[in-house]
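For reference, the structure is listed below as structure tokens.
Worth saying up front: this structure is predicted, and the values here are computed from it rather than measured. Just so it is clear: chains get the letters A, B, ... in the order the sequence lines come, proteins before strands, and each one is counted from 1.
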There are 2 protein chains.
Amino acid sequence: MAAKSTLRDRRRQQTARDIQRAALTLALRLGYDSVTTEQIAAEAGISQRTFFNYYLNKDAAIIGTAPSFADDTVAWFRESSGPLLGDLLKALRHLLCHADLDRGMSQLINRLLDEAPELLPIFYGSLKRLGDQIADLAVTRLGEDARPDAELLAQAISHALADTFRIWANDDAMSEGSIVDVTAAKLQTLRGFLEQV
Amino acid sequence: MAAKSTLRDRRRQQTARDIQRAALTLALRLGYDSVTTEQIAAEAGISQRTFFNYYLNKDAAIIGTAPSFADDTVAWFRESSGPLLGDLLKALRHLLCHADLDRGMSQLINRLLDEAPELLPIFYGSLKRLGDQIADLAVTRLGEDARPDAELLAQAISHALADTFRIWANDDAMSEGSIVDVTAAKLQTLRGFLEQV
DNA sequence: GCACGTTGATGCACAGTATGCAATATTTGC
DNA sequence: GCAAATATTGCATACTGTGCATCAACGTGC
């Protein structure tokens with residue numbers, strides 16, 4: 001799952017980042033709608049056709065590619081018998097530990113989201129992939145019948161995580177390690193609301 | 001906010017439904033990707049240009065237009081001092097009461113979602129509009145500072161509501177009145193998960 | 001280091017989405 | 001009925017996204 005570290009793969013990853021950076025800076029300068037995929041490709045030094053080899057669409061280029069759970073994390077989760085939410089958060093911790101987060105890029109995304117809130121659905125939608133993975137994990141414990149409930153939980157978690165990312169990106173004093181802690185706190189706030197029936 | 005019941009508005013609403021029905025049946029018959037907006041327009045008896053006067057894009061035509069809270073519901077909510085979640089659910093009850101739900105159309109949507117799960121994001125995304133309204137309501141109680149938390153709560157509510165709609169559409173024995181009850185139950189299940197840290 | 005298989009980059013053609021604009025038809029309010 | 005307001009439509013156009021064929025670059029086994 002990790003990069004194979006051959007020249008080809010390193011270049012591939014570099015190009016993917018170049019494209020994302022180009023997309024973000026151009027969108028910040030000219031507005032997301034005004035920027036064309038052709039411009040982004042030009043700025044990244046590739047052809048438009050190659051742009052679509054890297055990202056399925058313009059949205060995806062802005063957000064970049066979300067990380068996935070490592071196989072051993074999944075294996076650990078299936079075996080563990082701790083409390084569900086606690087274990088899910090631990091799995092997230094592993095994920096974030098191995099993914100090397102780029103605060104600079106996150107800040108660009110944040111600035112763009114501030115200027116163009118209509119892009120928020122894209123942002124949250126991008127976390128859907130991660131949310132699906134969380135739901136899959138939860139289903140291994142709850143059983144397939146509970147998938148809708150697992151998805152509801154997973155969606156709440158990934159939403160809270162997305163919020164936390166925005167906080168982290170804008171607060172240099174905040175460590176990567178505390179991301180999941182803040183997410184957990186947000187989820188407890190949510191729990192509080194759900195009790196007020 | 002409700003239809004002004006002038007000839008023009010009745011026609012407008014009828015055309016909107018015709019388009020949605022055309023979009024759904026064609027998508028079910030031929031597959032969502034294969035259907036073009038031109039085909040949908042033809043099936044609905046209008047021009048392609050008019051199609052885009054009614055819906056901003058192809059996705060929106062499939063989902064239709066989500067209802068909004070009535071002004072008096074909003075007014076009531078601001079004055080009420082009941083528990084937050086309870087009042088939000090009451091507001092939803094009012095909303096569903098006044099919106100005339102079309103089970104047939106909902107069933108079509110459901111069948112389509114079963115065949116093409118890749119459309120689920122569109123479906124949940126369409127509830128974002130409703131989620132935003134719920135968040136706005138909640139913010140009138142919690143204050144603007146708590147908007148991220150309000151949005152987290154609102155998103156959980158609208159997700160649970162969307163799930164419930166799917167159940168309701170496929171279960172003729174289920175009454176409209178019990179929709180919010182089932183939604184509330186789902187939210188309590190979620191609360192249970194959030195306690196398992 | 002060389003030849004061969006694999007993978008990536010690119011140009012081109014093309015179908016489809018979506019918007020602006022101007023002309024035309026329909027509805028409404030008076 | 002008539003004028004103002006609003007809806008529908010055709011047309012031109014910009015842009016997104018895909019399939020396909022070709023060419024260049026890399027990796028591998030020898």
### Query
Hey, is A:Glu115 close enough to A:Arg111 for a salt bridge, meaning N to O under 4.0 Å?
no

#### Entry: Bending between helix ends of the helix from C:dG1-D:dC30 to C:dC30-D:dG1 [5 pairs per end, 10° resolution]
40°

Quick one: side chains of residues 93-101 of chain A, donor-acceptor pairs under 3.5 Å with protein atoms, not counting sequence neighbours, listed by atom name and distance.
from, atom 1, to, atom 2, distance (Å)
A:Arg93, NH1, A:Asp181, OD1, 3.1
A:Arg93, NH2, A:Asp181, OD1, 3.3

### Query
Is it true that the side chains of A:Gln13 and A:Asp9 contain a donor and an acceptor less than 3.5 Å apart?
no

### Task
Could you tell me whether the phosphate oxygens of C:dA9, OP1 or OP2, come under 4.0 Å of any side-chain nitrogen or oxygen in A:Tyr54?
yes

### Which residues share a ring pair (Phe, Tyr, Trp, His ring centres under 6.0 Å) with B:Tyr124, sequence neighbours left out
B:His159

### Query
Between B:Ile157 and B:Leu92, is any pair of side-chain heavy atoms under 4.5 Å apart?
yes

### Query
What is the per-nucleotide protein-contact pattern of nucleotides 24-30 of chain C, from the 5' end, where B denotes a base atom under 4.0 Å from a protein heavy atom, S denotes such proximity for sugar-phosphate atoms only, and - denotes neither?
--BBS--

### Task
Could you list the residues that satisfy side chain to side chain donor-acceptor pair (under 3.5 Å) with A:Asp149, not counting sequence neighbours?
none

Side chains of residues 72-82 of chain A: which donor-acceptor partners sit under 3.5 Å, not counting sequence neighbours?
from, atom 1, to, atom 2, distance (Å)
A:Ser80, OG, A:Gly82, N, 3.1
A:Ser80, OG, A:Asp87, OD2, 2.5

### Query
Checking A:Arg191 against B:Phe193: charged group under 6.0 Å from the ring centre and within 45 degrees of the axis?
no

#### Entry: Test ring pair (Phe, Tyr, Trp, His ring centres under 6.0 Å) applied to B:Phe165 - qualifying residues, sequence neighbours left out
none

## Note on the structure
Letter by letter from the 5' end, nucleotides 12-22 of chain C scores (B base, S sugar-phosphate only, - none; protein heavy atoms under 4.0 Å) B---SSBBBB-

### Query
B:Leu88 versus B:Leu84: any side-chain heavy-atom pair under 4.5 Å?
yes

### Query
Atom CE of B:Met174 and atom CH2 of B:Trp168: how far apart are they, to the nearest 0.5 Å?
9.0 Å

### Neighbours of DNA chain C within residues 22-32 of chain A, by heavy-atom distance under 4.0 Å
none

### Listed partners of A:Ser47 passing side chain to side chain donor-acceptor pair (under 3.5 Å), at least two apart
A:Thr50

### Query
Do other residues, nucleotides or ligands put more than 12 heavy atoms under 6.0 Å from the CD atom of B:Gln196?
yes

### Query
Which residues satisfy the side chain to side chain contact (heavy atoms under 4.5 Å, CB included) test with A:Asp114, sequence neighbours excluded?
A:Arg166

### Residues, nucleotides or ligands: over 12 heavy atoms within 6.0 Å of A:Glu195 CD
yes

### Task
Could you list where the contact with chain B starts and ends along DNA chain D, reading 5' to 3', using a 4.0 Å heavy-atom cut-off?
D:dA5 to D:dC11

